There are 2 protein chains.
Amino acid sequence: MIDEESQFAHEGCPPHPLSIEKAKAAVENEDEMQAISDFFRLFSDSTRIRILLALGTGEMCVCDISEALGMTQSAISHQLRVLRGGNLVRSRRDGKSVFYSLSDDHVRTVVRTATEHIREV
Amino acid sequence: MIDEESQFAHEGCPPHPLSIEKAKAAVENEDEMQAISDFFRLFSDSTRIRILLALGTGEMCVCDISEALGMTQSAISHQLRVLRGGNLVRSRRDGKSVFYSLSDDHVRTVVRTATEHIREV
DNA sequence: CTATCATATGAACATATGTTCAACTGTTTG
DNA sequence: CAAACAGTTGAACATATGTTCATATGATAG
């Protein structure tokens with residue numbers, strides 16, 4: 001029978017069992033880590049960032065967004081779906097148009113924080 | 001000659017030329033938007049989040065990280081490279097081992113903010 | 001120098017992601 | 001109802017991404 005840990009255990013290596021224990025405790029909640037990375041993934045595409053910044057100036061309909069970004073309305077719609085799935089934006093229908101807006105100020109804060117980080121580096 | 005904007009202009013549609021102009025101004029700096037999304041992409045994988053949280057407990061060598069996360073040292077090393085490329089972690093060699101640590105408290109802050117966001121939703 | 005250990009890296013692979021294209025809803029207008 | 005318009009969606013496609021495997025590098029011990 002093969003040692004179950006043989007693929008990543010380095011018997012002779014770990015000089016710091018204490019720090020391993022602390023680290024294990026810090027990363028034990030894998031579902032939460034997944035949720036955190038999923039949250040960040042929403043912001044990991046420049047088209048979505050641009051949509052969020054556009055909506056930061058106020059509510060917009062899909063065709064206005066696509067006009068402002070110079071991209072097809074289909075591409076924008078697909079990305080709006082992702083943002084909607086992540087509860088980053090809200091939508092409201094008004095006749096033929098659908099208007100999107102940031103779902104709360106928290107989104108604005110996240111993007112602003114990142115922008116500042118980028119600029120200060 | 002084909003209209004250059006024909007792929008995304010919806011001549012009859014945009015009811016709000018003013019909001020389009022505001023939005024265009026907000027998203028004009030495409031390089032910065034790319035930098036922002038690249039920054040977020042660093043945090044968009046759960047393995048990298050777990051590495052960052054592990055390092056949040058203190059400096060660790062690669063084999064300790066792989067032991068703590070239960071993943072191969074190769075996979076960890078590849079991700080550390082990404083994190084190093086994004087200046088999120090620093091490395092220091094001590095004999096045969098290489099010790100990694102968070103490059104500054106800002107990283108800790110980013111992850112903590114996201115964690116709070118996830119928990120409050 | 002040789003062997004060994006810790007880490008890094010490149011190639012290969014499977015999966016995920018973003019855009020396009022075409023087709024489909026749903027709403028308004030005639 | 002039919003036509004036109006705004007938006008959505010699914011399939012197809014190309015590219016990006018993460019892990020594995022094998023191998024390379026760098027440091028230390030013998």
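This structure is a prediction, so every number in the text was calculated from the model and none was measured. We name chains A, B, ... by the order of the sequence lines, and we start the count at 1 in each one.
Between A/F99 and B/H16, the distance from one ring center to the other falls under 6.0 angstrom.
Listed for the A/S77 side chain is no donor-acceptor partner under 3.5 Å among the backbone atoms of A/Q73. When atom types are taken as modelled, the side chain of A/D94 and the backbone of A/S97 share no donor-acceptor pair closer than 3.5 angstrom. Remark: the backbone N or O of A/L88 is paired with a side-chain donor or acceptor of A/S103 at under 3.5 angstrom.
Non-hydrogen atoms lying under 4.0 Å from DNA chain C are contributed by A/Q79, all within residues 79-86 of chain A.
Atom pair A/L42:CG and C/dG18:P shows a separation of 10 Å (rounding to whole Å applied). Separating the CG atom of B/D45 from the C1' atom of D/dA16 is a distance of 13 Å, rounded to the nearest angstrom. Per the geometry, CD1 belonging to B/I49 stands 15 Å off C1' belonging to D/dG18, to the nearest Å. Between the OH atom of A/Y100 and the P atom of D/dG7 there is a distance of 9 Å, rounded to whole Å. When rounded to the nearest whole Å, the span between CZ of A/R92 and P of C/dT27 equals 15 Å.
Map A/R48 and B/V98 each onto its nearest nucleotide of DNA chain C; the residue landing nearer the 5' end is B/V98.
Between A/F39 and B/H117 the shortest side-chain heavy-atom distance falls below 4.5 Å. Residues A/L55 and A/S101 form no side-chain contact, since every pair of their non-hydrogen atoms from C-beta on lies 4.5 Å or further apart. Two residues are said to be in side-chain contact when any heavy atoms from C-beta on lie closer than 4.5 Å; A/F43 and B/I36 fail this criterion.
Comparing C/dT19, C/dA8, D/dT8 by their nearest atom to the side chain of A/M71 picks out C/dT19.
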Hey, what are the protein-to-nucleotides 27-30 of chain D N/O distances that come in under 3.5 Å?
none

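For the atom pair CD of A/Q79 and CD1 of A/I65, the computed distance is 11.5 Å after rounding to the nearest 0.5 Å.
Both geometric conditions, a ring-centre gap below 5.5 Å and a plane tilt below 30°, are not fulfilled together for A/H78 over the base of D/dT8.
Partners of A/H78 under the ring pair (Phe, Tyr, Trp, His ring centres under 6.0 Å) rule, at least two apart in sequence or in another chain, do not exist in this structure.
Phosphate proximity of D/dT17 to B/R41: present, with a side-chain N or O under 4.0 Å from OP1 or OP2.
For B/S74 and D/dT19, a side-chain-to-base donor-acceptor distance below 3.5 Å is absent, hydrogens and geometry of angles not being considered.
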